[in-house]
Amino acid sequence: MRIDLHAHSNASDGTDSPAELVAAAVAAGLDVVALTDHDTVSGHAEATAAVRALPAGSRLTLVPGAELSCHADGISLHLLAYLFDPAEPAFAQERELVRTDRFRRGRAVVERCRELGAPITWEQVERIAGTGSVGRPHIASALVEAGVVATVSDAFTADWLANGGRADVRKHETDPVEAVRLVRAAGGVPVFAHPGAVKRGRTVSDETIAGLAAAGLAALEVDHMDHDEEARAHLRGLAADLGLLTTGSSDYHGSRKTVRLGEHTTAPEVYEALLAQATGAAPVTA
Ligand code: AMP
Ligand code: FE
Ligand code: ZN
Ligand code: FE
């Protein structure tokens with residue numbers, strides 16, 4: 001079984017449409033793929049239809065999810081949520097709040113880039129983002145188009161878009177304890193995404209993670225491209241101490257990142273344990 005529980009489509013900052021992501025998951029030989037766009041479920045319908053349209057005998061299962069933007073102790077972090085009821089009003093309202101503020105913040109980041117001499121426009125970013133939940137990676141692509149930086153990842157430096165960088169502007173982000181409660185109340189399963197991704201900026205303390213565990217966190221995403229061996233070993237130990245499961249996933253973003261679908265995977269017994277906790281939605285099979 002090959003299970004990848006973190007992937008983005010162009011409903012947020014990935015480059016594949018939800019249907020293309022499903023096709024890519026089949027091509028990568030995955031048994032399970034989770035669609036986890038930032039702060040939105042708008043790709044679920046297309047991905048679900050694509051899975052249902054697969055030929056008989058196809059073995060791909062889709063886990064509908066999202067990745068919620070959170071903020072604690074001045075640090076941004078991401079909470080994956082699986083199999084919640086997308087219509088549950090309290091969590092739906094919070095996603096809407098974050099998505100709406102992404103537009104205000106996106107305009108402010110573009111303004112800041114222009115002040116710093118980068119010839120990009122909001123119209124260009126809107127074209128790149130399309131209907132997707134707009135974020136820094138779309139602005140990074142605009143900076144690449146304008147020849148300001150060579151790659152998307154080169155835009156995530158102190159000069160431009162990195163946390164605390166010259167053109168970084170904060171967006172509304174949910175308190176993670178509140179987010180864990182919202183996900184559980186919507187019947188979903190909350191998992192802390194890349195908790196040790198130091199290359200993205202400061203990471204939260206073990207005490208903060210213990211607080212999330214007490215609030216109902218299910219697992220830590222341990223096997224991730226942004227974690228070195230030392231970070232993984234530490235997170236495995238912490239998860240064992242706190243009674244949390246551990247997952248692995250690619251955090252695939254299509255051509256906006258170099259990682260391949262299925263590059264990191266989750267153990268089947270962990271997947272089964274996560275499924276057993278979900279009451280808000282069911283996985284989608286071919
Ligand atoms: P936003 O949600 O708009 O604040 O943008 C965060 C997104 O930017 C993350 O989900 C990643 O896709 C991307 N990102 C963050 N840090 C980096 C980095 N160092 N290199 C490349 N992409 C990054
Ligand atoms: Fe992203
Ligand atoms: Zn993330
Ligand atoms: Fe992600």
Side-chain angles (χ1 to χ4, degrees), residues 3-18 21 24-25 33-44 47 63-72 75-82 95 98-99 102 105-106 109 125 128-130 132-144 151-153 155-156 161-163 168 171 173-174 176 179-180 183 189-204 209 212 217 219-227 231 235 247-266:
I3 300 160
D4 187 342
L5 293 180
H6 187 165
H8 296 264
S9 75
N10 64 8
S12 64
D13 56 5
T15 55
D16 291 359
S17 70
L21 174 67
V33 69
L35 177 62
T36 53
D37 279 306
H38 296 288
D39 309 303
T40 186
V41 299
S42 71
H44 287 190
V63 172
E67 184 176 19
L68 191 66
S69 304
C70 297
H71 194 94
I75 298 167
S76 288
L77 60 132
H78 289 169
L79 188 74
L80 292 160
Y82 302 116
R95 291 193 302 275
V98 178
R99 271 199 319 276
R102 281 175 167 279
R105 179 264 208 149
V109 172
V125 171
I128 291 167
S133 182
V134 68
R136 283 179 288 171
H138 301 115
I139 300 170
S141 288
L143 289 168
V144 172
T151 67
V152 164
S153 132
F156 283 89
L161 306 178
N163 290 332
D168 180 37
K171 63 181 180 298
E173 296 175 324
T174 311
V180 164
V183 173
V189 184
V191 174
F192 194 158
H194 42 76
V198 286
K199 74 166 219 187
R200 299 181 185 214
R202 282 167 61 222
T203 55
V204 299
I209 296 179
L212 297 178
L217 187 71
L220 302 180
E221 186 183 59
V222 171
D223 289 310
H224 185 282
M225 65 178 296
D226 291 352
H227 292 159
L235 290 167
T247 67
S249 31
S250 66
D251 203 353
Y252 175 75
H253 280 68
S255 63
R256 244 185 220 107
K257 286 193 184 177
T258 53
V259 72
R260 290 168 289 117
L261 262 179
E263 194 164 315
H264 301 291
T265 55
T266 294

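Here, residue 1 is the first one in the sequence, and each next residue gets the next number. In listed order, ligands and their atoms are each counted from 1.
Vertex the Zn ion (ligand 3); arms to Glu67 OE2 and His78 ND1; angle rounded to 10 degrees, 100°. Rounding to 10 degrees, one finds that the Fe ion (ligand 4) sits at the corner of an angle of 90° between His8 NE2 and Asp251 OD1. Rounded to 10°, the angle formed at the Fe ion (ligand 2) by OD2 of Asp13 and NE2 of His253 is 100°. Note: angle at the Fe ion (ligand 4), from OE1 of Glu67 to NE2 of His6, is 100° (rounded to 10 degrees).
In summary, His6 places no N/O/S atom under 2.8 Å from the Zn ion (ligand 3), failing the contact criterion.
Taken from CG in Asp4 to OH in Tyr252, the straight-line distance is 10.5 Å, to the nearest 0.5 Å.
Classification of the His6-His194 ring pair by plane angle, with boundaries at 30° and 60°, yields parallel.
Between the His8 side chain and the Asp16 main chain, no donor and acceptor come within less than 3.5 Å of each other.
For the side-chain hydrogen bond (donor to acceptor under 3.5 Å, both in side chains) with Asn163, the qualifying choice from Arg200, Arg202, Arg136 is Arg136, the only one to do so.
For the residue pair Thr40/Ser12, the side-chain donor-acceptor check at 3.5 Å is not satisfied.
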